[in-house]
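Proteins come first, then strands; the chains are lettered A, B, ... in the order of their sequence lines, and each starts at number 1.
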Number of protein chains: 2
Amino acid sequence: MTEESINPEVFPENNRGDYSAVQQVAYARDICDARGVRLTHIRQQVLALLWENKHPSGAYELIEALELQGARPIAPPTVYRALDFLIEQGFACKIESRNAFVPCASPERFNEHIFLICDDCEAWLELEDPQLEQQLADEATHAGFKPSRRVVEVLGTCAKCLLTQEV
Amino acid sequence: MTEESINPEVFPENNRGDYSAVQQVAYARDICDARGVRLTHIRQQVLALLWENKHPSGAYELIEALELQGARPIAPPTVYRALDFLIEQGFACKIESRNAFVPCASPERFNEHIFLICDDCEAWLELEDPQLEQQLADEATHAGFKPSRRVVEVLGTCAKCLLTQEV
DNA sequence: AAGATTACGTTATAACATAACGTTAAAACG
DNA sequence: CGTTTTAACGTTATGTTATAACGTAATCTT
């Protein structure tokens with residue numbers, strides 16, 4: 001445990017977005033320790049970048065940012081492998097409709113996210129809705145289908161941008 | 001109206017998947033006529049291919065198929081433009097988690113689809129669920145968000161493949 | 001310390017998508 | 001009916017996203 005460690009209990013539910021990238025990485029580190037998996041340097045860097053960016057990050061955007069930090073050329077597989085790990089562990093999600101990646105506020109729950117993504121400012125919001133989850137699961141069951149992953153993305157305009165563009 | 005035209009009323013609700021690609025194209029032609037838009041040759045070809053394929057079609061897969069049909073080289077923009085049209089008109093949808101395209105059984109309703117996609121055999125199923133739609137809309141409204149498009153995709157294993165792989 | 005495993009570096013290339021611009025074909029209009 | 005306008009398409013080039021394959025280094029296991 002490090003000085004920056006954060007007790008998971010401390011996070012108000014669904015509100016981890018209020019913490020800094022550094023804190024988020026520390027939180028992830030604790031979980032990884034507990035799970036016996038390795039949050040290596042590059043994985044930390046990528047996770048921190050995801051939290052720092054206020055919009056979904058493209059893989060090549062992450063590469064550029066990493067190169068600025070380290071002054072060494074970073075090849076795509078490096079960053080895609082880090083992303084794969086972060087997604088497996090629930091620390092990140094891919095926004096399929098954007099081919100971009102966001103950090104994930106609830107690494108305990110896999111695939112139970114709804115994302116609202118603003119077409120205008122690229123802001124995104126992560127929601128959970130157990131009822132909607134249940135309903136999707138029911139739909140699947142009814143079709144004899146065994147779900148492994150769900151993608152639920154709502155694209156549109158966020159509250160802030162609606163105010164601005166009101167004509 | 002052509003011989004192959006199909007009266008929309010004839011389709012049992014949500015069951016148009018039972019008709020042939022040719023019939024689907026004829027149906028789309030009628031709708032396009034009514035809407036005053038043009039279902040050109042290449043658009044028809046692409047729509048027919050989408051219906052013929054039993055899995056989501058990649059754009060480059062469509063290109064290859066078109067080249068086999070016409071013996072002329074087809075460049076990507078040609079097929080992407082046709083797909084854009086079909087999507088605009090509700091005759092096709094993009095499966096974002098696959099970067100692939102499927103024909104759409106209910107061109108009247110935009111963005112109100114749920115897709116179940118089998119990881120194993122690539123079969124897909126298109127569903128509608130007004131209640132789930134409503135719930136998603138409510139979530140968005142609650143966040144002050146104005147949705148324009150929804151992506152709901154459930155990945156997993158279909159009933160058929162579950163039987164086969166049961167170990 | 002030796003062997004096994006996991007992560008990473010590196011090169012190359014595959015797969016997906018669009019910009020830009022010229023040409024053809026169809027629709028609209030007087 | 002021919003001219004204008006617009007929509008669709010052809011073509012070339014290029015941009016963007018993602019992965020295969022293979023070697024090296026670091027870490028874990030015993």
Can you give each donor-acceptor pair under 3.5 Å made by side-chain atoms of residues 66-88 of chain B, sequence neighbours left out, with the distance rounded to 0.1 Å?
unit_1, atom_1, unit_2, atom_2, d
B/Glu67, OE2, B/Ile74, N, 2.8
B/Gln69, OE1, B/Gln45, NE2, 2.9
B/Thr78, OG1, B/Ala75, O, 3.4

Taking atom P of D/dT11 as reference, at what distance in whole Å does atom CG of B/Leu66 sit? 14 Å
Residues passing the side-chain hydrogen bond (donor to acceptor under 3.5 Å, both in side chains) test with A/Glu64, sequence neighbours excluded, are none
Partners passing side-chain hydrogen bond (donor to acceptor under 3.5 Å, both in side chains) against B/Gln131 (at least two apart in sequence or in another chain): none
List the residues meeting side-chain hydrogen bond (donor to acceptor under 3.5 Å, both in side chains) with A/Asn53, not counting sequence neighbours, and say none if there are none. A/Ser57
In whole angstrom, give the distance that lies between atom CD1 of B/Ile42 and atom C1' of D/dA8. 10 Å
Going by side chain to side chain contact (heavy atoms under 4.5 Å, CB included), name the residues that satisfy it together with A/Leu125, two or more places apart in sequence or in a different chain. A/Leu116, A/Leu127, B/Ala143
Under 4.0 Å, heavy atoms only, any strand: does A/Thr78 hit a base, just the sugar-phosphate, or nothing? base
Along nucleotides 21-29 of chain C, 5' to 3', which nucleotides get a B, which get an S, and which get a -, given that the test is a protein heavy-atom distance under 4.0 Å? -----S---
Roughly how many Å is it from CD1 in A/Ile87 to C1' in D/dA18, rounded to a whole number? 12 Å
Applying a 4.0 Å non-hydrogen cut-off, can you work out what A/Ile74 is touching in the nucleic acid: base, sugar-phosphate, or nothing? nothing
Distance, rounded to the nearest Å, where B/Gln89 contributes CD and D/dA7 contributes C1': 13 Å
Without hydrogens or angle criteria, can the side chains of B/Glu112 and B/Ser106 be said to hold a donor-acceptor pair below 3.5 Å? no
With sequence neighbours left out, which residue pairs that include part of residues 132-144 of chain A fulfil the salt bridge (charged side-chain N to carboxylate O under 4.0 Å, His left out) condition? A/Glu133-A/Arg150
To the nearest angstrom, the CG-C1' distance between A/Leu62 and D/dT16 comes to 14 Å
Rounded interatomic separation in angstrom, taking CZ from A/Arg43 and C1' from D/dA26: 12 Å
Please enumerate all residues that pass side-chain hydrogen bond (donor to acceptor under 3.5 Å, both in side chains) together with B/Arg38, with sequence neighbours excluded. none
Side-chain donor-acceptor pairs under 3.5 Å in residues 92-100 of chain B, sequence neighbours left out?
unit_1, atom_1, unit_2, atom_2, d
B/Glu96, OE2, B/Arg149, NH1, 3.2
B/Glu96, OE2, B/Arg149, NH2, 2.7
B/Ser97, OG, B/Glu153, OE1, 2.6
B/Arg98, NE, B/Glu122, OE2, 3.3
B/Arg98, NH2, B/Asp119, OD1, 3.2

List every contact pair, protein side and nucleotides 14-18 of chain C side both N or O, where the distance is under 3.5 Å.
unit_1, atom_1, unit_2, atom_2, d
C/dA17, OP1, B/Lys94, NZ, 2.4
C/dA17, OP2, B/Tyr80, OH, 3.0
C/dA17, O5', B/Tyr80, OH, 3.4
C/dA17, N7, B/Tyr60, OH, 2.6
C/dA17, N6, B/Tyr60, OH, 3.2

When the rotation axes relating C1' atoms of four end pairs to the next four are compared across the helix from C/dA1-D/dT30 to C/dG30-D/dC1, five pairs an end, they differ to 10° by 40°
Quick one: name the residues clustered hydrophobically with B/Val151, using the 4.5 Å side-chain heavy-atom rule over I, L, V, M, F, W, Y, and just say none if it's on its own. A/Val151
Do B/Phe101 and B/Leu49 belong to the same hydrophobic cluster, where Ile, Leu, Val, Met, Phe, Trp and Tyr are linked whenever their side-chain heavy atoms lie under 4.5 Å apart, directly or via other members? yes
